[in-house]
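Notes for the one structure printed next.
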Amino acid sequence: MKSGSNLEKILSAGKFAVTAELGPPKSADAEVVYKKADILKGCADAVNITDCQTAIVRMSSIATAAMLISKGLEPIAQMTCRDRNRIAIQSDLLGASALGVKNLLCLTGDHQKFGNHPQSKNVFDLDSIQLIKMVKDMRDEKVFQCGEEIKVEPRFFIGAAESPFADPVELRVLMLAKKVTAGIDFVQTQIVYNVEKFAKWMELVRELGLDKKVYILAGVAPLKSVGMARYMKNNVPGMDVPDEVINRMTAVGKERAKEEGINICVDVINQVKEIKGVAGVHVMAIEWEEVVPEIVEKAGLLPRPKIG
Amino acid sequence: MIIGERKPIQEILDMIGEHDKILIAGCGTCVAICMAGGDKEVSILASAIRMARNREGKPIEIQEHTPLRQCEWEFVDELKDKIKVSDTVLSMACGIGVQTLVERYPEAVVYPAVNTTFLGLPEEQGVWSERCGACGNCVLDKTGGICPIVRCSKSLLNGPCGGAQDGKCEIDPEVDCGWQLIYDRLKVLGKLDNLTKISPAKDWSTGRDGGPRKIVREDMKL
């Protein structure tokens, strides 16, 4: 075992994994975190805690992760390269490990231009691939990035995100291969609405044998409205929402839009489950965490397996 | 070359304050070519200041002079007499020129009239864009001659983030994705293999992160 996390155990036992996502509050309110944790408990093998996503200041990912552990959930802390240099990242990772965090998702981070502090200075001392390599070397070689020895090393099950739909498409599989070489154990993909395109990407992934080297979790997310579907199609980089999905959302009308959004999400889960090499799903329902149990149940993924 | 852009007139007027004898010192090199601080821009700024001050009923005496370069001792020496009789110097050079004047004429009050924006080139008439971050450790050999430090909004060294769409950067649909440019270039060169190699964590100490930089060449010293 690399970190001995529940997620690692589920995946290495060959079970179809479910991860969910929890967005920390834009405040110091612990109750928000505990409420969301209650909702997600039992319906996911591990829960991602975003790290100031879209560059908006929120409660720290590692602090929130520690709060989840205290409630009996397993967190996947997220770490971006935007806000910390290699000194701060390594320091935070030592702390995260000491607090019991066992999964880490390594990300580049959204540009601060999108956030609530667009005048801030970004860091990007490392990129996501260099971050992955650093975290792996900390775990497997017991060294800091500078080469100095670590007496008690932080042990993380290391993940990355990958976007099968971003440009240049030819480069995306190559980027995944690079992340695998750098040392990831699992991947969570950008939200899949275009299953056909995702399946083609998976074909390329299998051709390179990457599905045998790392666990691939397909990202899914319920749509709330046809407006949200259109927004994602037109405004979110690396997102592909086919017309068929937009038509389904339009056809049911406003009252039944949320219900249809959930149905579409369940349909996508059922479809990606059948694609060879897909080891699980990552359900992203940020600020709509309460629908995750329903989605996971409708997809026939409850109860979650327990592995000792 | 160094690209600059003149500051807004109000900001410049605020710097001048109540002073009524100023020298506007241009620079005949980079900022002249990018039309921010050459002799033409010096006279335009002088006229604008005169008009503004006359409107306020506070006329101002302005001398104008543009040496060929403001970043070398021997070129700024010709400003000596004019600086002597001025109570403020407005430099229209880059930040290097401003500081050259400050160091050469410690008794003078020197203000910047130009924002030094970046190291770049004129893409076409009226359009300038950044090309070099002066990181002190060039990687252009690995990236097909396109700089990832300044052409990628996140200075990524191992390929694009997930935010590129249609070859454009996530920060602005008008900005090319630097890694798309690198990818296209390496494809033409038949060197896509470069992209599969992991570029290790960069040594930023050769850049500004290492503190103020200096080169000393004993072989060139007199």
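Order of the sequence lines sets the chain letters (A, B, ...), proteins ahead of strands, with each chain counted from 1. The figures that follow rest on heavy atoms only: side chains count, while hydrogens, waters and symmetry mates do not.
Listed here is the closest heavy atom pair of A164(B) and A166(A): O-CB, 3.8 Å. Across all their heavy atoms, L157(B) and D127(A) have their closest contact at N-OD2, 3.0 Å. Of all the heavy atoms in W204(B) and F124(A), the pair that sits closest is CZ2-O, 3.9 Å. R172(A) and C161(B) make their closest contact through NH1-O, 2.9 Å (heavy atoms, listed as atom of the first residue, atom of the second, distance).
Using a 4.5 Å cut-off between heavy atoms, R82(A) does not touch chain B at all. Neither the backbone nor the side chain of K168(B) comes within contact range of chain A; no heavy atom of the residue lies under 4.5 Å from a heavy atom of that chain. P200(B) touches chain A through its backbone: at least one of N, CA, C or O sits under 4.5 Å from a heavy atom, while the side chain does not. When heavy atoms are compared at a cutoff of 4.5 Å, M239(A) approaches chain B solely by way of its backbone atoms N, CA, C and O.
Between the side chain of E170(B) and the main chain of D110(A), no donor-acceptor pair closer than 3.5 Å is present.
W179(B) is not listed as a side-chain neighbour of M175(A), based on a closest heavy-atom distance of 4.5 Å or more. For the pair K154(B)/N122(A), no side-chain contact is recorded, criterion being any heavy-atom separation below 4.5 Å from C-beta on.
Applying the 6.0 Å contact sphere to NZ of K233(A) captures more than 12 heavy atoms from other residues, nucleotides or ligands. Counting non-hydrogen atoms of other residues, nucleotides and ligands closer than 6.0 Å to CD of E287(A) gives a total above 12. Counting non-hydrogen atoms of neighbouring residues, nucleotides and ligands closer than 6.0 angstrom, the CD atom of E174(B) reaches no more than 12 such neighbours.
Residues of residues 176-212 of chain A that come closer than 4.5 Å to chain B, counting heavy atoms only, are K178(A), T181(A), A182(A), ordered by residue number.
Atom CG of L131(A) is separated from atom CG of N158(B) by 11.5 Å, given to the nearest 0.5 angstrom. Atom CG in L171(A) sits 7.5 Å away from atom CD in Q180(B) (nearest 0.5 Å).
Counting heavy-atom pairs under 4.5 Å between each of D125(A), L126(A), V236(A) and chain B puts D125(A) at the top.
A search for salt bridge (charged side-chain N to carboxylate O under 4.0 Å, His left out) contacts involving E123(B) returns R131(B), not counting sequence neighbours. Listed by chain and residue number, R6(B), L13(B), L45(B), A48(B), I49(B) satisfy the side-chain contact (heavy atoms from CB on, under 4.5 Å) test with I9(B) (two or more places apart in sequence, or in another chain). Residues passing the side-chain contact (heavy atoms from CB on, under 4.5 Å) test with E72(B), sequence neighbours excluded: R69(B), E74(B), F75(B).
Just one residue in the list K113(A), Q112(A), H111(A) forms a side-chain contact (heavy atoms from CB on, under 4.5 Å) with S153(B), and that residue is H111(A).
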